[in-house]
Novice: 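Structure below; questions to follow.
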Amino acid sequence: MSELSREMSKTFDFAEAEPRIYAEWEKRGQFKPEVASADAEPFVIAIPPPNVTGELHLGHVMFVSLEDMMIRYERMRGKAALWIPGVDHAGIATQLQVEKMLRNEGTDRESVGREEFLFRTWQWKDKYGGEIENQLRRMGASVDWDRKRFTLDESLSKAVREAFITLWEQGLIYRGPRLINWSPGLQTAVSDVEVERSEEEAMLYFFKYPVEGGEFIPVATTRPETILADTAVAVHPEDERYKHLIGKTAYVPMTQRPIPVIGDEYVDRAFGTGALKITPGHDFNDYEIAQRHNLAVINLMDKKAALNENGGPYAGLDRYDAREKLWADMGTAGLTIKTEKFIHIVPRSQRGGEIVEPLISVQWFVKMEPLAAKAIAAVRDGRIKIVPERFEKVYFNWLENIRDWCISRQLWWGHRIPAFHCDNGHITVQRDSPVKCATCGSRNIWQDEDVLDTWFSSGLWPFSTLGWPEQTADLARFYPTAVLETGTDILFFWVARMIMMGLWFTDKIPFHTVYLHGLIRDERGNKMSKSKGNVINPLGYMNKYGTDALRFTLITGGTPGNDQNISDAKVEYSRNFGNKLWQIAGGVVLRNLGDLATTITPNPSTLDIPAQWLLSRLAGLIANVERLFETYQYGEAGRQIQDFVWTEFADWYVEIAKNALYGDDDAYKTRTREVLLYTLDTCLRLLHPFMPFVTEEIWSYLPGERAQLIVSRWPTSDPTWINPDAEAKMDTIRDLVVKVRNVRAEYSVDPAKRITAVAVGTGATLIAEHAAVFGRLCNVESINVAAIAPDQSAVLVSGDVTLYLPLAGMVDFAAERERLSKELGDVTAQIEKIEKTLGNESFVSRAKPEVVARERTRLVELTGARDSIAARLSTLPT
RNA sequence: GCCCGAUUAGCUCAGUUGGUUAGAGCGCACGGUUCACAUCCGUGAGGUCAAUGGUUCGAGUCCAUUAUCGGGCACCA
């Protein structure tokens with residue numbers, strides 16, 4: 001026990017350590033890009049801002065785990081790593097929370113008024129908005145808190161105004177009555193992407209449309225109340241049943257309003273009755289048909305989806321009540337035919353879940369084609385890469401068919417549209433708040449009531465957070481950002497819009513890579529949802545197993561873009577891995593450091609085979625991890641590091657090293673200590689981005705003056721350490737150790753009983769030289785090199801060595817014969833396969849030379865093994 | 001309808017540009033508390049890599065078709 005070291009506790013007390021370590025990082029300013037050299041290349045991620053209303057869920061932990069890993073990795077590589085934190089005002093979600101609060105107080109937003117409502121919302125934000133921030137800390141997010149942003153901050157609001165005004169001046173924003181998706185519950189317009197469609201059983205109503213001359217056209221609809229807003233009946237122009245009626249007049253049931261019968265090829269003759277009622281005020285397809293035929297548009301509903309004055313006798317009724325009453329009246333009038341159930345697609349609000357009604361309303365829109373064209377080009381020509389690549393197709397598909405974006409919301413919480421109306425109906429949009437109308441000079445002006453879609457401000461996030469439109473130092477240094485990491489579910493909502501707006505306003509790509517992670521599902525693969533009641537609170541896992549365990553589970557549990565299931569068992573396993581690391585460090589390496597005062601880079605050429613093997617494997621691991629990080633395969637990187645630490649380092653090398661540590665060869669002891677400490681040191685660096693807390697804590701116990709791990713350098717791979725010869729030798733040793741253990745287990749040899757062995761063959765010397773390894777790992781007392789096999793032995797063959805275990809009195813010859821016969825069969829089968837391969841002229845001439853050489857080597861080895869086993873079999877007593 | 005993903009051990013999942021006998025964890029069976037760890041160690045059983053066809057000297061991996069499950073987009077009243 002060195003005086004330099006403190007004793008590590010038995011286990012890692014994450015509950016105590018996590019907040020302490022996080023506070024220490026933050027206090028020392030380690031999260032700031034300024035910890036890197038002034039000329040360091042920047043690496044920037046803008047956080048996907050959680051909703052200010054946000055309750056922590058596994059999606060948050062997922063993005064924190066991945067982004068924090070990227071940031072920590074690049075920080076350790078010496079880059080100026082900047083992770084910008086922030087929170088989104090989340091217009092609808094927040095407003096709903098505050099409205100709920102007001103309801104509980106017995107009032108509502110209309111009663112308190114806009115100003116008071118906003119005041120109360122800010123109060124609410126100040127009270128609850130900090131919670132998500134605490135949880136980011138809890139998760140270990142190494143964000144630069146000094147650069148924290150909120151989408152309603154003055155500087156970001158300025159960015160929003162600048163963007164809006166620029167688009168307006170460029171003629172890309174327009175206002176007017178259009179058919180939009182209306183959410184009656186929220187009483188606001190929503191955009192196309194906010195409408196989700198679900199297949200549901202509905203009723204299809206068949207009825208008669210009276211036409212002049214006494215005929216009628218049968219028509220089907222799912223929404224009978226919209227009959228009252230019909231402005232045409234459409235049939236296919238070549239439909240023999242109806243084409244003679246084209247041009248005649250039909251009469252709207254119950255109101256007798258005359259409308260034309262039109263012919264349009266959109267009508268599917270085979271579906272329903274083959275005739276279609278046209279309701280341009282409440283159906284997107286009908287709206288398009290109406291434009292082709294210059295039909296009138298009737299708006300039937302008010303903002304609560306009740307029928308307005310155009311509903312005639314049904315005015316004032318809710319849409320569903322109106323439906324019922326109208327259908328009953330039509331039945332009385334003899335106009336109904338039948339109803340039948342059928343499955344159709346129902347549009348529902350992504351937020352509220354209620355059925356969305358298409359209706360005509362005056363809204364603000366952005367013309368998307370020019371913006372989309374740039375966004376398509378940026379991905380098409382590779383300036384922006386999407387990982388996994390398959391999402392590029394989804395991205396293109398959406399952008400190539402993009403429709404104009406309805407950006408106005410009839411809410412109060414958000415960025416108010418910077419447009420001013422005057423009493424003459426003019427609109428003024430300008431950078432300085434106007435005092436009079438820019439068109440007519442009227443001073444009677446007022447600001448537009450609507451606010452912008454939350455995603456409008458989110459679209460500016462990568463540059464608005466850095467100060468745009470001001471040309472700040474941060475903007476110059478840190479924009480464009482590097483990677484945008486988020487869930488696949490907001491590719492359209494957020495990612496595509498950031499790319500469009502970034503290119504449009506800054507003329508630069510906002511980031512060069514989009515990395516998309518999948519959904520976290522429950523243990524059985526079900527999507528988590530409040531209604532199903534299977535939502536897992538990540539804090540439960542974090543309390544039970546620690547933050548590192550949860551992070552490691554999420555990162556290594558899947559592959560990019562694919563969903564993954566989470567379960568207690570998985571997180572527990574990660575916790576166990578952290579414990580293993582802790583044990584290696586505290587239980588072995590640090591406890592046996594002697595006077596080793598700091599990490600020393602070993603020289604493999606001076607070391608024994610196990611150490612050369614370990615360092616060779618370590619060098620290979622580092623190279624692999626680097627390649628995997630470059631290709632965004634973080635999960636695979638984590639799994640490989642874990643495998644190295646647990647299997648090769650802990651289970652093999654550490655056990656072997658005890659021979660030196662507990663022996664009395666001081667020079668050997670010193671070399672081994674150096675290898676152990678070096679390897680531990682390197683593993684901690686490699687694991688830090690995955691498990692920041694436990695690695696930092698162990699690091700603090702390592703000897704020598706050192707900076708915190710978070711700002712230590714990422715390891716590099718020394719290719720001269722790669723040693724195939726040592727690896728091959730060690731493979732033979734390991735193979736034989738496993739076989740000895742196997743034989744001992746099969747013969748139920750008392751684990752405590754020390755046995756001897758005899759090695760025969762060209763590799764026998766290697767085995768004899770490593771007798772101590774066998775001694776420690778499989779309780780072998782001594783290994784003699786001999787030319788002849790001893791009797792009454794179990795025989796083990798590996799490569800060019802045959803090992804005999806004289807187990808006099810313990811060997812069951814029948815069992816031994818069976819075991820050897822099986823092995824002989826396996827080996828013979830392999831030999832036959834290789835002989836066949838090598839006998840194939842095409843293989844020898846066309847396969848890569850190293851592949852052919854490898855097969856030849858294997859053949860020689862296997863043939864030797866076969867001969868040994870066969871010889872042994874022939875001498876076994878029967 | 002169009003696009004995409006998945007299909008590998010009982011379960012959950014890995015699997016570099018095609019190249020040794022396809023791996024891990026959990027679970028299971030058996031054995032182990034001697035000085036890091038039972039949050040552990042050792043040994044083992046368990047897979048015709050969804051199916052068919054193709055390309056290739058060689059396919060879990062590439063291509064085509066099919067099946068089942070899942071997702072996205074667009075949809076017909």
Side-chain angles (χ1 to χ4, degrees), chain A residues 8 10-12 197 204-205 219-223 226 234 266-268 270-279 283 285-286 344-345 388 390-391 393-394 397-398 401 488-489 491-492 518-519 523 525 527 545 549 556-559 561-567 569-570 572-580 582-592 624 627-628 631 633 635-636 639-640 642-643 646-647 650-651 654-655 658 662 738 741-746 748 750-752 777-778 826-827 829-830 833-834 837 840-848 850-852 854-855 857-858 862:
Chain A
M8 281 172 66
K10 193 85 175 164
T11 55
F12 176 50
R197 292 174 164 78
L204 191 57
Y205 299 79
V219 174
T221 180
T222 51
R223 295 182 297 163
T226 64
Y266 171 80
V267 181
D268 180 352
F271 189 86
T273 65
L276 185 58
K277 64 192 269 308
I278 303 298
T279 320
D283 183 283
N285 290 310
D286 292 2
H344 85 143
I345 311 292
R390 63 175 187 273
F391 285 100
K393 210 160 179 173
V394 180
N397 185 47
W398 187 70
N401 298 291
T488 53
D489 52 336
L491 180 61
F492 306 145
L519 227 55
E523 197 164 352
K527 203 167 175 173
Y545 301 113
T556 57
T559 39
N562 289 338
D563 293 355
Q564 60 171 305
N565 306 347
I566 192 159
S567 67
K570 290 181 180 180
E572 184 182 1
Y573 176 71
S574 297
R575 187 274 316 266
N576 293 353
F577 173 55
N579 180 66
K580 173 59 77 171
W582 185 264
Q583 291 298 332
I584 298 169
V588 184
V589 179
L590 297 180
R591 183 177 294 183
N592 292 289
N624 254 351
R627 175 182 62 78
L628 291 165
T631 51
Q633 300 181 72
E636 182 61 15
R639 287 186 288 268
Q640 288 197 12
Q642 179 206 288
D643 188 53
W646 204 321
T647 305
D651 289 345
V654 165
E655 289 306 317
K658 286 176 182 172
Y662 301 151
V738 169
R741 287 167 171 169
N742 179 5
V743 165
R744 294 184 65 127
E746 277 192 32
S748 301
D750 179 356
L777 298 182
C778 50
D826 290 348
V827 171
Q830 284 179 59
K833 193 178 169 194
I834 295 173
T837 303
N840 183 336
E841 183 51 37
S842 299
F843 172 75
V844 178
S845 58
R846 308 183 76 149
K848 281 178 280 188
E850 61 267 30
V851 174
V852 178
R854 192 178 59 210
E855 293 299 315
T857 309
R858 279 189 65 220
L862 287 167

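For clarity, every value in this text was computed on a predicted model and none was experimentally measured. Below, chains carry the letters A, B, ... as their sequence lines are ordered, and counting in each starts from 1.
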Novice: For A/Asn401, which contact category applies under a 4.0 Å heavy-atom criterion: base, sugar-phosphate, or nothing?
Specialist: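 If one applies the 4.0 Å heavy-atom cut-off, A/Asn401 turns out to touch nothing in the nucleic acid.
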Novice: What is the separation between atom CG on A/Asp651 and atom C1' on B/G42, rounded to the nearest whole Å?
Specialist: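 For the pair A/Asp651 CG and B/G42 C1', the rounded distance is 10 Å.
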Novice: Using atom P in both nucleotides, what's the gap between B/U66 and B/C30 to the nearest angstrom?
Specialist: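 The answer is 49 Å between these two P atoms.
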Novice: Watson-Crick or G-U wobble partner for B/C26, using a 3.5 Å limit on both distances?
Specialist: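 Pair assignment: B/C26 / B/G10.
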Novice: Can you measure A/Leu491 atom CG to B/G5 atom C1' for me and round it to whole angstrom units?
Specialist: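 Checked: the CG to C1' distance equals 15 Å.
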Novice: Taking B/A6 as the reference, what is the distance to B/A51 when you measure between their C1' atoms (whole Å, please)?
Specialist: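 Here B/A51 and B/A6 have their C1' atoms 16 Å from each other.
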Novice: Side chains of A/Thr837 and A/Asn840 only: does a donor on one sit below 3.5 Å from an acceptor on the other?
Specialist: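 Looking only at side-chain atoms, A/Asn840 and A/Thr837 do not form any donor-acceptor pair under 3.5 Å.
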Novice: State whether a side-chain donor-acceptor pair under 3.5 Å links A/Thr647 with A/Asp643.
Specialist: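 Distance-only check passes for A/Thr647 and A/Asp643.
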Novice: Select one nucleotide: of B/U39, B/A36, B/A14, the one nearest the side-chain heavy atoms of A/Arg575.
Specialist: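 The nucleotide sitting nearest to the side chain is B/U39.
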Novice: Within the structure, does a side-chain N or O atom of A/Lys580 lie under 4.0 Å from either OP1 or OP2 of B/C41?
Specialist: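 Result: yes.
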Novice: Spell out, as yes or no, whether a donor-acceptor pair under 3.5 Å connects the side chain of A/Arg741 to the backbone of A/Cys778.
Specialist: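 No.
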Novice: Going 5' to 3' along nucleotides 57-68 of chain B, which nucleotides have protein heavy atoms under 4.0 Å from the base (write B), which only from the sugar-phosphate (write S), and which from neither (write -)?
Specialist: B-----------
Novice: Mind calculating the distance between CD (A/Glu636) and P (B/U17) to the nearest angstrom?
Specialist: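 Value for this atom pair: 11 Å.
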Novice: Which of these nucleotides, B/U39, B/A77, B/C13, is closest to any side-chain atom of A/Lys570?
Specialist: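 Selected nucleotide (nearest to the side chain): B/C13.
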Novice: Can you tell me the base-pairing partner of B/C69? Count Watson-Crick or G-U wobble geometry only, both distances below 3.5 Å, and say none if there is no partner.
Specialist: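 Its partner is B/G5.
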Novice: In whole angstrom, what separates A/Arg390's CZ from B/G71's P?
Specialist: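 Whole-Å distance recorded here is 14 Å.
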Novice: Using atom P of each nucleotide, how far apart are B/U12 and B/U7 to the nearest Å?
Specialist: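 To the nearest whole Å, 12 Å.
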Novice: Using the C1' atom in both, what is the distance from B/U61 to B/G54, to the nearest Å?
Specialist: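 So the two C1' atoms sit 15 Å from each other.
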Novice: Any sub-3.5 Å donor-acceptor pair from A/Arg575's side-chain atoms to A/Lys570's backbone N or O?
Specialist: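 Not confirmed, A/Arg575 side chain does not pair with A/Lys570 backbone.
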Novice: Looking only at heavy atoms, which two atoms of A/Leu276 and A/Asp286 are closest? And how far apart?
Specialist: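 Result for this residue pair: CD2-OD1, 4.5 Å.
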Novice: Rounded to whole Å, please give me the gap between NZ in A/Lys527 and C1' in B/C69.
Specialist: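 Value for this atom pair: 15 Å.
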Novice: Just compare B/U39, B/C73, B/A14 and give me whichever is closest to any side-chain atom of A/Arg639.
Specialist: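 It is B/A14.
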Novice: Please name the nucleotide paired to B/G53 by Watson-Crick or G-U wobble geometry with both distances under 3.5 Å, or report none.
Specialist: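 Paired with B/G53, as far as the under-3.5 Å criterion goes, is B/C63.
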Novice: Does B/U39 have OP1 or OP2 under 4.0 Å away from a side-chain N or O of A/Trp646?
Specialist: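 False: A/Trp646 side-chain N/O out of range (4.0 Å or more) of B/U39 OP1/OP2.
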Novice: I'd like the P distance from B/G71 over to B/G31, given in whole Å.
Specialist: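 It works out to 46 Å between them.
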Novice: Show each protein N/O and nucleotides 21-32 of chain B N/O combination with a separation under 3.5 Å, one pair to a line.
Specialist:
from	atom 1	to	atom 2	distance (Å)
B/U21	OP2	A/Lys833	NZ	3.1
B/U21	N3	A/Gln830	NE2	3.0
B/U21	O4	A/Gln830	OE1	3.2
B/U21	O4	A/Gln830	NE2	3.3

Novice: Quick one: look up who B/U39 pairs with, Watson-Crick or G-U, both distances under 3.5 Å, and put none if it's unpaired.
Specialist: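 Pair assignment: B/U39 / none.
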Novice: Under the 3.5 angstrom rule, does the side chain of A/Asn592 hit a backbone N or O of A/Val588 as a donor-acceptor pair?
Specialist: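 Here the side-chain-to-backbone pair exists.
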Novice: Which residue lies toward the 5' end of RNA chain B, A/Asn562 or A/Gln640, if each is placed at its nearest nucleotide?
Specialist: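 Upstream on the strand: A/Asn562.
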Novice: I want to check one thing: is the phosphate of B/G44, taken as OP1 and OP2, less than 4.0 Å away from some side-chain N or O of A/Asn742?
Specialist: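 Looking at the OP1 and OP2 atoms of B/G44, one of them is under 4.0 Å from a side-chain N or O of A/Asn742.
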Novice: With both distances under 3.5 Å as the test, what is the Watson-Crick or G-U wobble partner of B/A45?
Specialist: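 Base-paired to nothing in any strand shown.
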Novice: Of the nucleotides B/G72, B/C37, B/A77, which one has an atom closest to the side chain of A/His344?
Specialist: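 Nearest listed nucleotide: B/A77.
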Novice: I'd like to know whether A/Ile834 forms a side chain to side chain contact (heavy atoms under 4.5 Å, CB included) with A/Leu862, so could you lay out the CA-CA distance, the side-chain angles of the two residues, the decisive distance to 0.1 Å, and finally the verdict.
Specialist: CA-CA 10 Å; A/Ile834 295 173; A/Leu862 287 167; 3.6 Å; yes
Novice: Enter the distance from A/Ile566:CD1 to A/Leu519:CG here, rounded to the nearest 0.5 Å.
Specialist: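 Going from CD1 on A/Ile566 over to CG on A/Leu519, the span is 12.0 Å.
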Novice: Please report the C-alpha distance between A/Lys527 and A/Asp563 in whole Å, then the side-chain angles of each, then the deciding distance to 0.1 Å, and finally whether the side chain to side chain contact (heavy atoms under 4.5 Å, CB included) criterion is met.
Specialist: CA-CA 10 Å; A/Lys527 203 167 175 173; A/Asp563 293 355; over 6 Å; no
Novice: What is the pairing partner of B/U20, taking Watson-Crick or G-U wobble pairs with both distances under 3.5 Å in any strand?
Specialist: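 In the structure as shown, B/U20 has no Watson-Crick or wobble partner.
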Novice: Pick base, sugar-phosphate or nothing for A/Ser845, based on heavy-atom distances below 4.0 Å to the nucleic acid.
Specialist: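 The answer is nothing, as A/Ser845 stays clear of every strand by at least 4.0 Å.
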Novice: Given B/A14, B/A77, B/A36, identify the nucleotide with an atom nearest to the side chain of A/Thr222.
Specialist: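 So the side chain of A/Thr222 is nearest to B/A77.
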Novice: Answer yes or no: side-chain N or O of A/Glu655 and base N or O of B/A36 forming a donor-acceptor pair under 3.5 Å.
Specialist: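 Check passes, donor-acceptor contact within cut-off.
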Novice: Indicate, with a heavy-atom threshold strictly under 4.0 Å, whether A/Tyr662 touches base, sugar-phosphate, or nothing.
Specialist: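 A/Tyr662: backbone/sugar contact only, no base atoms under 4.0 Å.
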Novice: Starting at CG of A/Leu777 and ending at C1' of B/U34, how long is that distance when rounded to a whole Å?
Specialist: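 For the pair A/Leu777 CG and B/U34 C1', the rounded distance is 15 Å.
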Novice: Take the protein atom CG of A/Asp563 and the nucleotide atom C1' of B/G72, then report the distance between them rounded to whole Å.
Specialist: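 Going from CG in A/Asp563 over to C1' in B/G72 covers 12 Å.
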Novice: Taking atom P in both B/A50 and B/A45, what distance in whole Å separates the two?
Specialist: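 Each nucleotide's P atom is 23 Å from the other's.
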Novice: Quote, to the nearest angstrom, the C1' distance that separates B/A14 from B/U43.
Specialist: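 It works out to 24 Å between them.
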Novice: Ignoring hydrogens and angles, tell me if any N or O in the side chain of A/Asn401 forms a donor-acceptor pair with the backbone of A/Asn397 under 3.5 Å.
Specialist: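 Side chain of A/Asn401 to backbone of A/Asn397, a donor-acceptor pair under 3.5 Å: yes, one is there.
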Novice: Where is the tightest heavy-atom contact between A/Arg223 and A/Lys277, given as atom of each residue plus distance?
Specialist: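 Heavy atoms of A/Arg223 and A/Lys277 come nearest at O-NZ, 4.4 Å.
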Novice: Just checking, any donor-acceptor pair under 3.5 angstrom between side chains of A/Glu523 and A/Asn565?
Specialist: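 Side-chain D/A pair, A/Glu523 to A/Asn565: absent.
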Novice: Think A/Arg741 has a side-chain N or O under 4.0 angstrom from the OP1 or OP2 of B/U43?
Specialist: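 Answer is yes, contact under 4.0 Å.
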Novice: Expressed in angstrom and rounded to an integer, what is the separation of A/Asn565 atom CG from B/A14 atom P?
Specialist: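 Nearest whole value for this atom pair: 10 Å.
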Novice: In whole Å, measure the gap between the P atoms of B/C57 and B/A24 for me.
Specialist: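 Their P atoms lie roughly 33 Å apart.
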Novice: Should the side chain of A/Lys393 and the base of B/C4 be counted as holding a donor-acceptor pair, with the cut-off at 3.5 Å?
Specialist: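 Side chain to base: no pair present.
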Novice: Supply the atom-to-atom distance A/Tyr573 OH to A/Lys580 NZ, rounded to the nearest 0.5 angstrom.
Specialist: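 Going from OH on A/Tyr573 over to NZ on A/Lys580, the span is 10.0 Å.
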Novice: Select base, sugar-phosphate, or nothing to describe what A/Val738 touches, counting heavy atoms under 4.0 Å on all strands.
Specialist: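 A/Val738: backbone/sugar contact only, no base atoms under 4.0 Å.
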Novice: To the side chain of A/Arg854, which of B/A77, B/G19, B/G15 is closest?
Specialist: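 Side chain of A/Arg854 sits closest to B/G19.
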Novice: Go nucleotide by nucleotide along RNA chain B from the 5' end; which of A/Ala270 and A/Gln583 gets its closest nucleotide reached first?
Specialist: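 Closest to the 5' end, via its nearest nucleotide, is A/Gln583.
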